[in-house]
Amino acid sequence: MSDDYIPSPSTWVREQVEKIDATGDTRSVSVMDRPVVMLTMRGAKTGAVRKVPLMRVEHDGVYAAVASKGGAPEHPLWYANLQADPKITLQDGTRSWPAVAREITGEERAQWWERCVAAYPPYAEYQEKTDRLIPVLVLEPS
Ligand SMILES: C[C@H](OP(=O)(O)OC[C@@H](O)[C@@H](O)[C@@H](O)Cn1c2nc(=O)[nH]c(=O)c-2cc2ccc(O)cc21)C(=O)N[C@@H](CCC(=O)N[C@@H](CCC(=O)O)C(=O)O)C(=O)O
């Protein structure tokens, strides 16, 4: 990724990204004492580097990205980024590696949704809050 990084306009998120970058470890932050991973991706419109922390949902070396945005009526913008370019760098703890995001649906999504809610129970409330189906993408090592 080149160095045209644009930080999040959301202060608490930007501060968590700064802490992860300062420590080199996603374990330096948490949300409700639950672990976090960080995706680095390309902005769909700006082409800039975007860093997006998400709750850590992992199964057999594959991770899930849940485009919940707290149950807001609209998808988070990073979801549009991944639709435009699914290639990311994924960081868990101090490890980083290239991965590809793939949206999942149907039975595959239902199976992963259980893992997502087990990892971070508020996802269930977020889905209750909105009539948009919260997108779930798996992040497969590339
Ligand atoms: C605020 C907005 O962010 P967003 O991409 O909508 O995503 C909102 C949130 O989902 C995002 O901040 C997440 O990191 C919040 N978040 C989680 N968000 C989730 O949706 N799910 C999670 O599990 C989650 C966990 C989490 C843990 C820690 C933490 O610090 C944050 C966490 C934003 O950054 N807007 C930018 C633009 C962002 C962008 O990517 N723009 C694209 C264009 C996108 C387009 O319009 O096509 C570009 O640069 O080209 C701006 O307004 O300038």
Side-chain angles (χ1 to χ4, degrees), residues 1-23 25-93 95-142:
M1 297 279 183
S2 67
D3 54 4
D4 53 348
Y5 165 54
I6 304 180
S8 169
S10 163
T11 304
W12 77 277
V13 173
R14 188 172 59 249
E15 286 171 355
Q16 289 213 330
V17 171
E18 283 164 4
K19 193 136 185 249
I20 293 168
D21 283 346
T23 59
D25 193 340
T26 60
R27 290 166 296 191
S28 62
V29 302
S30 65
V31 170
M32 294 171 62
D33 294 329
R34 305 271 179 156
V36 164
V37 294
M38 187 158 79
L39 285 60
T40 300
M41 62 183 74
R42 194 55 72 184
K45 289 184 178 139
T46 60
V49 172
R50 294 289 187 170
K51 297 184 176 185
V52 180
L54 297 176
M55 297 320 294
R56 182 184 186 280
V57 182
E58 183 271 343
H59 180 76
D60 284 350
V62 177
Y63 289 66
V66 179
S68 50
K69 197 178 174 184
E74 72 289 342
H75 297 320
L77 291 174
W78 61 260
Y79 174 58
N81 296 341
L82 296 185
Q83 288 180 305
D85 180 358
K87 295 186 301 308
I88 64 164
T89 300
L90 178 58
Q91 179 179 351
D92 182 13
R95 287 188 321 118
S96 286
W97 61 95
V100 176
R102 171 174 65 87
E103 185 164 1
I104 54 177
T105 57
E107 189 41 45
E108 190 181 16
R109 182 187 181 283
Q111 190 182 40
W112 269 99
W113 182 250
E114 282 178 35
R115 295 170 186 149
C116 296
V117 173
Y120 187 63
Y123 281 140
E125 297 153 36
Y126 297 163
Q127 184 58 83
E128 289 297 309
K129 261 175 76 178
T130 176
D131 50 19
R132 73 179 167 97
L133 182 64
I134 291 178
V136 178
L137 303 94
V138 289
L139 309 174
E140 295 164 316
S142 61

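Nothing fancy with the numbering, it's 1 onward along the sequence. Bear in mind the structure is a predicted one, so any value in this text is a computation, not a measurement.
Partners of Gln111 under the side chain to side chain donor-acceptor pair (under 3.5 Å) rule, at least two apart in sequence or in another chain, do not exist in this structure. With sequence neighbours left out, Ser10 forms a side chain to side chain donor-acceptor pair (under 3.5 Å) with Trp12. Glu125 is linked by a side chain to side chain donor-acceptor pair (under 3.5 Å) to nothing, counting only residues two or more places apart in sequence or in another chain. Every residue two or more places apart in sequence or in another chain that forms a side chain to side chain contact (heavy atoms under 4.5 Å, CB included) with Thr11 is listed here: Arg14, Glu15. For the salt bridge (Lys or Arg N to Asp or Glu O under 4.0 Å) test, residues two or more places apart in sequence or in another chain that qualify with Glu140 are Arg102. Under the side chain to side chain donor-acceptor pair (under 3.5 Å) criterion, Arg50 pairs with no residue, sequence neighbours left out.
Counting only distance, with no hydrogens or angles, the side chain of Arg42 and the backbone of Gly47 share a donor-acceptor pair below 3.5 Å. With hydrogens and angles ignored, the 3.5 Å screen pairs no side-chain donor or acceptor of Asn81 with any backbone N or O of Gly43.
If you take OG1 on Thr105 and CG on Leu133, they are separated by 9.5 Å, rounding to the nearest 0.5 Å. In this structure, Leu54 CG and Arg56 CZ are separated by 13.0 Å, a value rounded to the nearest 0.5 Å.
In terms of heavy-atom proximity, Met41 sits nearest to Ile88 at CB-CG2, 4.0 Å. The minimum heavy-atom distance linking Ala84 with Ala44 is given by the pair CB-CB, 3.8 Å. Contact between Ala64 and Cys116 at its shortest, heavy atoms only, is CB-SG, 4.0 Å. Taking all atoms of both residues into account, the shortest heavy-atom contact from Tyr79 to Pro135 is CE1-CB, 3.5 Å.
Between Asp21 and Lys51, some side-chain heavy-atom pair lies under the 4.5 Å cut-off. At a threshold of 4.5 Å between non-hydrogen side-chain atoms, the residues Leu139 and Glu58 do not count as touching. Contact annotation: the side chain of Thr40 never approaches that of Gln91 to less than 4.5 Å [non-hydrogen atoms, C-beta and beyond].
Under the ring-ring contact (aromatic ring centres under 6.0 Å, His included) criterion, the residue pairs touching residues 123-142 are Tyr120-Tyr123, with sequence neighbours excluded.
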Test Val17 against Ser8 for side chain to side chain contact (heavy atoms under 4.5 Å, CB included), laying out the working first. CA-CA 9 Å; Val17 171; Ser8 169; 5.9 Å; no

Solution key, residues 26-39 side-chain donor-acceptor pairs under 3.5 Å, sequence neighbours excluded:
residue : atom : partner : partner atom : Å
Thr26   : OG1  : Val36   : O            : 3.1
Thr26   : OG1  : Gly93   : N            : 2.6
Arg27   : NE   : Asp25   : OD1          : 2.9
Arg27   : NE   : Asp25   : OD2          : 3.1
Arg27   : NH2  : Asp25   : OD2          : 3.0
Ser28   : OG   : Thr23   : OG1          : 3.0
Ser28   : OG   : Asp25   : O            : 2.7
Arg34   : NH1  : Ala118  : O            : 3.4
Arg34   : NH1  : Ala119  : O            : 3.1

Distance-only check: which donor-acceptor pairs under 3.5 Å involve side-chain atoms of residues 66-78, not counting sequence neighbours?
residue : atom : partner : partner atom : Å
Lys69   : NZ   : Glu74   : OE2          : 2.7
His75   : ND1  : Arg132  : NH1          : 2.8

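In this structure, Arg115 forms a cation-pi arrangement with Trp112, its terminal cationic atom sitting closer than 6.0 Å to the ring centre and no more than 45° off the ring axis.
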